[in-house]
Amino acid sequence: MVSGPGCPICVTANADLDKAIALSQIPGVIITTFGDMLKVPGSRSSLQKAKAEGAEVQTVYSTMDALEIAEDNPDSSVVFLGIGFETTAPTIAASILQAEEKGIKNYYVLSLHKLCPPVIRALIDSGEVELQGLVCPGHVSAIIGSHPWEFIAADYGIPCVVSGFEPLDILQCVDMLVEQVEKGQSRVEIAYRRGVRPEGNRQALELMERVFEPCPARWRGIGVVADSGLKLRDKYQSFDAEANFEFEPGAAVEPAGCICGDILRGVKTPDDCRLFGKACTPENPVGPCMVSAEGSCSAHYLYGGGIGG
Ligand code: SF4
């Protein structure tokens, strides 16, 4: 059994991280982002290094903080890095609508969002991993509901259970999956009833739908998956960083020896990486899976009984 497609930072391909770093080099641009992003290594640098070298990079706790920075710095262009799953897209959509309402003209979003159900289909279709059951992510499902997972049970005969993140949630989820497997069933169930409704959060979905439309997206280790990303609709092009700035991120290069892509596809584990716990640690991450607290390598290092556990 495997869980959802990992953490959003980990699945963001270097080609996309490089865009953020290239944008930070443009004079007058202030990059705003959540803190975890700073240490993530791109092909040649990171936002942390760019900041140390003089780029304007500011950590924020919400998109509304980024909007405030835009209002306070009318002579600069403020770019928010839209990295995340369906969980973060609604708040970013809300920030764009608010910028429009307030007439803020120097706020932009680099939309690198990822949508989970299409990439799960791509992973299953690849045939690389054999799934007996799927732990569907509770945070994503709180937005999209449980209906979007139904194709997995219906088309592939794989039991699905939406789980929360507490230890008891996971245990209950596994118990429900095992019961389906033992009974030869495949359907979508919700173990995380306190957070997820079958139809999802209608208000959040409406916000996303209003501002964004699906587009192809590049996933680390997986490649480009149709309709698995979000881009700004034409009506909101004036807020789209890619449409309004010229930048050249250069050719993407993966860190030598890093197997994050294989780990994200579920075909290898952190212990299979020869850099794990040696050249690559949470203090000196080589790949993105060691950066975020949600990353497989970081979690395995801290809690998995590996070198750091
Ligand atoms: S241990 Fe480091 S280098 Fe190896 S796969 Fe994980 S993040 Fe990449």
Side-chain angles (χ1 to χ4, degrees), residues 1-21 24 33-52 57 59 81 83-85 87-88 112-114 116 119-120 122-123 126-131 135 137 139 165 170 217-225 228 249-309:
M1 293 183 188
V2 300
S3 181
C7 89
I9 291 174
C10 302
V11 298
T12 301
N14 269 11
D16 287 334
L17 291 169
D18 295 344
K19 288 181 191 172
I21 295 163
S24 77
T33 181
F34 298 133
D36 268 3
M37 278 306 300
L38 258 66
K39 278 168 80 178
V40 184
S43 298
R44 286 160 286 277
S45 185
S46 67
L47 286 171
Q48 194 171 47
K49 281 186 195 154
K51 182 175 175 155
V57 180
T59 302
L81 303 186
I83 290 180
F85 294 138
T87 38
T88 51
L112 303 174
H113 294 97
K114 301 282 186 289
C116 294
V119 81
I120 296 291
L123 283 173
S126 77
E128 275 193 309
V129 283
E130 195 184 326
L131 301 182
V135 179
H139 58 342
F165 293 92
I170 306 279
R218 186 180 301 280
W219 295 67
R220 183 183 299 277
I222 298 169
V224 176
V225 178
S228 69
V253 184
E254 294 302 323
C258 174
I259 58 165
C260 278
D262 294 337
I263 292 170
L264 291 166
R265 295 200 312 283
V267 297
K268 289 199 175 157
T269 70
D271 283 329
D272 295 323
C273 178
R274 61 187 169 78
L275 305 182
F276 178 75
K278 300 178 188 111
C280 184
T281 63
E283 292 73 39
N284 291 299
V286 173
C289 294
M290 192 58 98
V291 176
S292 160
E294 295 173 34
S296 304
C297 297
S298 165
H300 191 59
Y301 184 89
L302 294 170
Y303 310 112
I307 288 166

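Only a predicted model underlies this, so the values are computations on that prediction, with no experimental measurement involved. Counting starts at 1 for both ligands and their atoms, following the listed order.
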For V291, is there any backbone N or O sitting under 3.5 Å from a side-chain donor or acceptor partner on K39?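 Checking the backbone N and O of V291 against the side chain of K39, no donor-acceptor pair under 3.5 Å is found.
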Examine distances only and state if a side-chain atom of R220 and a backbone atom of G261 form a donor-acceptor pair shorter than 3.5 Å.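 Pair absent, no side-chain N/O of R220 close to backbone of G261.
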Side chain to side chain contact (heavy atoms under 4.5 Å, CB included), paired with W219, selected from V224, L123, V225: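 Exactly one option meets the side chain to side chain contact (heavy atoms under 4.5 Å, CB included) with W219, and it is V225.
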Would you name the heavy atoms of M37 and L47 that are closest together and state the gap between them?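 Nearest heavy atoms, M37 then L47: O-CD1, 4.3 Å.
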Work out which heavy atom in P288 is nearest to a heavy atom in C260; give both atom names and the distance.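 Looking at all heavy atoms of both residues, the closest pair is CD-SG, 3.7 Å.
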Please say whether more than 12 non-hydrogen atoms of neighbouring residues, nucleotides or ligands are located less than 6.0 Å from CZ in R218.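 No, not enclosed.
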If you draw a sphere of radius 2.8 Å around atom 4 (Fe) of ligand 1, how many protein N/O/S atoms end up strictly inside it?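 Near atom 4 (Fe) of ligand 1, the number of protein N, O or S atoms below 2.8 Å is 1.
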